[in-house]
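Here is the structure we will look at.
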Amino acid sequence: MSRLDAPPEVLAQLDALTLELRSILGDDLVGLYVHGSLVLGCFSAERSDVDVIAVSRRATIDDEQHRLGELMLRSSADKGRPRRPPYPLEFSLLTEQQLHPWRYPTPFDFHYGESERERFTAGEFTPLWPEDYDLAAHITVLRKAGIPLFGPPVQAVFPAVPEDDYVDSLLRDFDWSRERRLGLYGVLNASRIWATLAEGRLHSKLSGSLWAEEHAPARFRRSIGTAVAIYRGEDEVTEFDPADVSVYMDYVEPIIRSLAGR
């Protein structure tokens, strides 16, 4: 089993989360798994979430949903800067029945991200939607690079994701970042998706942006380079000119749709 290479404060955060999840779900907790930047070697304390997926043998009941909600509020923190532990969590809980047989979009039992803090603080823990398109991409990353914190190996728990579902998940993520007019995330995400589809292999936001910096026309390289520097904490600039981001995404969109055959 691979060992997670992460800052000590992140490892402590995950150890505490694992213990409390086992207390809430008991023997019904199949496993807890890390994906995202932590396993792709590009975790940024100032920019990254701590991405985890748990699997249970059954759906949670109301009391467990409440306890999980309180756990999320204690175990995660908002995305303000400068950041201090605990770092923002992106957490999903799925049952074995929701994973097998595979379905897309994928149903889930419980989800938390910092965008839901206000709702959770008000005691509203029930998911607002029954399925999540993003899980196809998350599980693809898990199967290629994920690390168990508790439970069986990834390949024994998570099914293979069909390529069409994975690609659709990536394109929906691109559309979402464009609709939200997300500056830094828009540049990093567009670059990641472009590199992933062009090379046919897994890319993080950082590795994809470094690839795009080499392959994009010269007029975009400054914006991509700035995004990389901000992500790495090497640049004090925190925002982009929205017009620059929009023009870059206009350039990337037909390329990624062509690569995806869409």
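None of the values given here were measured: they were computed from a predicted structure. Hydrogens, waters and symmetry mates are skipped; everything else that's a heavy atom, side chains included, is used. Throughout, residue positions are numbered sequentially from 1 according to the sequence presented.
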(request) Could you tell me whether the side chains of Ser223 and Thr226 share a donor-acceptor contact shorter than 3.5 Å? (result) no
(request) State, without any angle test, whether Asp51 and Tyr33 hold a side-chain donor-acceptor pair at a distance under 3.5 Å. (result) no
(message) Using 0.5 Å steps for rounding, measure from the CG atom of Leu25 to the CG atom of Leu93.
(response) 6.0 Å
(message) Before you tell me yes or no, could you show the steps for Leu73 and Tyr112 under side chain to side chain contact (heavy atoms under 4.5 Å, CB included), namely the whole-Å CA-CA distance, both residues' side-chain angles and the distance that decides it to 0.1 Å?
(response) CA-CA 9 Å; Leu73 292 172; Tyr112 180 78; 4.0 Å; yes
(message) Using side-chain heavy atoms (C-beta onward) and a distance below 4.5 Å, is Ile256 in contact with Thr196?
(response) no
(message) Any side-chain to backbone donor/acceptor pair from Thr106 onto Arg103? Under 3.5 Å, distance only.
(response) yes
(message) Quick check for you: to the nearest 0.5 Å, what is the distance between Leu135 atom CG and Ser169 atom OG?
(response) 8.0 Å
(message) Could you tell me if Tyr231 and Ser48 have a donor-acceptor pair between their side chains, going purely by distance under 3.5 Å?
(response) yes
(message) Testing the basics here: between Val228 and Leu206, what is the closest heavy-atom pair and its distance to 0.1 Å?
(response) CG1-CD1, 3.9 Å
(request) Could you check if a side-chain atom of Trp194 sits within less than 4.5 angstrom of a side-chain atom of Leu259, using non-hydrogen atoms only? (result) yes
(request) State plainly whether one hydrophobic cluster holds both Leu29 and Leu19, where clusters connect Ile, Leu, Val, Met, Phe, Trp and Tyr through side-chain heavy atoms under 4.5 angstrom apart. (result) no
(request) Treating Ile, Leu, Val, Met, Phe, Trp and Tyr as nodes and any side-chain heavy-atom pair under 4.5 angstrom as an edge, say whether Ile61 and Phe108 lie in one connected cluster. (result) no
(request) Before accepting this row, confirm whether a basic side-chain N of the pair Asp175/Arg257 lies closer than 4.0 Å to the acidic partner's carboxylate O. (result) yes
(request) Decide yes or no on side chain to side chain contact (heavy atoms under 4.5 Å, CB included) for Phe158 and Val55, but give the supporting numbers first. (result) CA-CA 9 Å; Phe158 294 90; Val55 179; 3.5 Å; yes
(request) Please report the closest heavy-atom contact between Glu131 and Pro105, naming both atoms and the distance. (result) OE1-CG, 3.5 Å
(request) Please report the closest heavy-atom contact between Ala190 and Val252, naming both atoms and the distance. (result) O-CG1, 3.9 Å
(request) Determine whether Ile24 and Thr60 make a side-chain contact, defined as any pair of heavy atoms from C-beta on separated by less than 4.5 Å. (result) no
(request) Name the orientation class of the two ring planes belonging to Trp211 and His203 (parallel below 30°, tilted from 30 to 60°, perpendicular beyond 60°). (result) tilted
(message) Could you report the tightest heavy-atom contact between Ala59 and Glu64, atom names first, then the distance?
(response) O-OE1, 4.4 Å
(request) Would you tell me whether Glu90 and His111 have side-chain atoms, one donor and one acceptor, within less than 3.5 Å of each other? (result) yes
(message) To check you understand the geometry: which heavy-atom pair defines the closest contact between Ala260 and Leu197, and what is its length?
(response) CB-CD1, 4.3 Å
(message) Quick check on Asp63: does its CG atom have over 12 non-hydrogen neighbours (other residues, nucleotides or ligands) under 6.0 Å away?
(response) yes
(message) Using only atom types and a distance under 3.5 Å, with no angle test, would you say the side chain of Ser75 pairs donor to acceptor with the backbone of Met72?
(response) no
(request) Drop me the distance from Ile230's CD1 to Leu188's CG, to the nearest 0.5 angstrom. (result) 8.5 Å
(message) Salt bridge check, Arg262 against Asp168: does any charged N sit closer than 4.0 Å to a carboxylate O?
(response) yes
(message) Between Tyr87 and Glu9, does the side chain to side chain donor-acceptor pair (under 3.5 Å) criterion hold? Intermediate values first, please.
(response) CA-CA 9 Å; Tyr87 295 105; Glu9 58 271 22; 3.2 Å; yes
(message) Could you check whether Arg119 pairs with Glu116 (Lys NZ or Arg NE/NH1/NH2 to Asp/Glu carboxylate O, under 4.0 Å)?
(response) yes
(request) Working to the nearest 0.5 Å, report the span between CD1 of Ile53 and CG of Leu99. (result) 8.5 Å
(message) Is it true that, when you exclude Asp78 itself, more than 12 heavy atoms of the residues, nucleotides or ligands shown sit nearer than 6.0 Å to its CG?
(response) yes
(message) Salt bridge or not between Arg67 and Glu20? Use side-chain N to carboxylate O under 4.0 Å.
(response) no
(request) Sorted by first residue and then second, give each salt bridge (charged side-chain N to carboxylate O under 4.0 Å, His left out) pair with at least one member in residues 200-211; sequence neighbours left out. (result) Glu199-Arg201
(message) Please tell me whether Trp102 and Asp165 have a donor and an acceptor in their side chains that are separated by less than 3.5 angstrom.
(response) yes
(message) Return the CG to OG1 distance between Leu202 and Thr140, rounded to the nearest 0.5 Å.
(response) 8.5 Å
(request) Calculate, to the nearest 0.5 Å, the distance between atoms CG and CZ belonging to Leu14 and Phe150 respectively. (result) 14.5 Å
(request) Please report the C-alpha distance between Glu46 and Arg232 in whole Å, then the side-chain angles of each, then the deciding distance to 0.1 Å, and finally whether the salt bridge (Lys or Arg N to Asp or Glu O under 4.0 Å) criterion is met. (result) CA-CA 8 Å; Glu46 289 298 313; Arg232 285 174 159 171; over 6 Å; no
(request) Give a yes or no on whether a salt bridge exists between Glu179 and Arg172, defined as a side-chain N under 4.0 angstrom from a carboxylate O. (result) no
(request) Compare all side-chain heavy atoms of Ile224 with those of Leu210 and state whether any distance is below 4.5 angstrom. (result) no
(message) Would you say that Leu94 contacts Asp109 through its side chain, given a criterion of any heavy-atom pair below 4.5 Å between the two side chains?
(response) no
(message) For a 4.5 angstrom cut-off between non-hydrogen side-chain atoms, does Asn189 reach Arg192?
(response) yes
(message) Counting only heavy atoms not in Arg74 (residues, nucleotides, ligands), do more than 12 fall under 6.0 Å from its CZ?
(response) yes
(message) For a quick check under 3.5 Å, do Ser56 and Asp28 share a side-chain donor-acceptor pair by atom type?
(response) no
(message) Closer than 4.0 angstrom, basic N to acidic O: yes or no for Arg117 and Glu114?
(response) yes
(message) Is a donor from one side chain sitting under 3.5 angstrom from an acceptor on the other, for Tyr248 and Ser191?
(response) yes
(request) State, to 0.1 Å, how close His66 and Phe125 come at their nearest heavy-atom pair, and which atoms those are. (result) ND1-CE1, 3.2 Å
(message) So Arg47 and Pro88, do their side chains get closer than 4.5 Å, heavy atoms only?
(response) no
(request) Could you go through the ring pair (Phe, Tyr, Trp, His ring centres under 6.0 Å) check for Tyr133 and Phe174 one step at a time? (result) CA-CA 12 Å; Tyr133 287 97; Phe174 177 90; over 10 Å; no
(request) State plainly whether the residues Asp244 and Arg222 are in salt-bridge range, i.e. N to O under 4.0 Å. (result) no
(message) Quick test of your reading of the model: are Asp49 and Lys79 salt-bridged, counting only N-O distances below 4.0 Å?
(response) yes
(request) For the pair Tyr251 and Phe220, name the ring-plane relationship: parallel under 30°, tilted 30 to 60°, perpendicular over 60°. (result) tilted
(request) Taking the side chain as every heavy atom from C-beta outward, state whether Cys42 and Ser37 have any atom pair closer than 4.5 Å. (result) yes
(request) Anything under 30° is parallel, anything over 60° is perpendicular, the rest tilted; go ahead and classify His35 against His138. (result) tilted
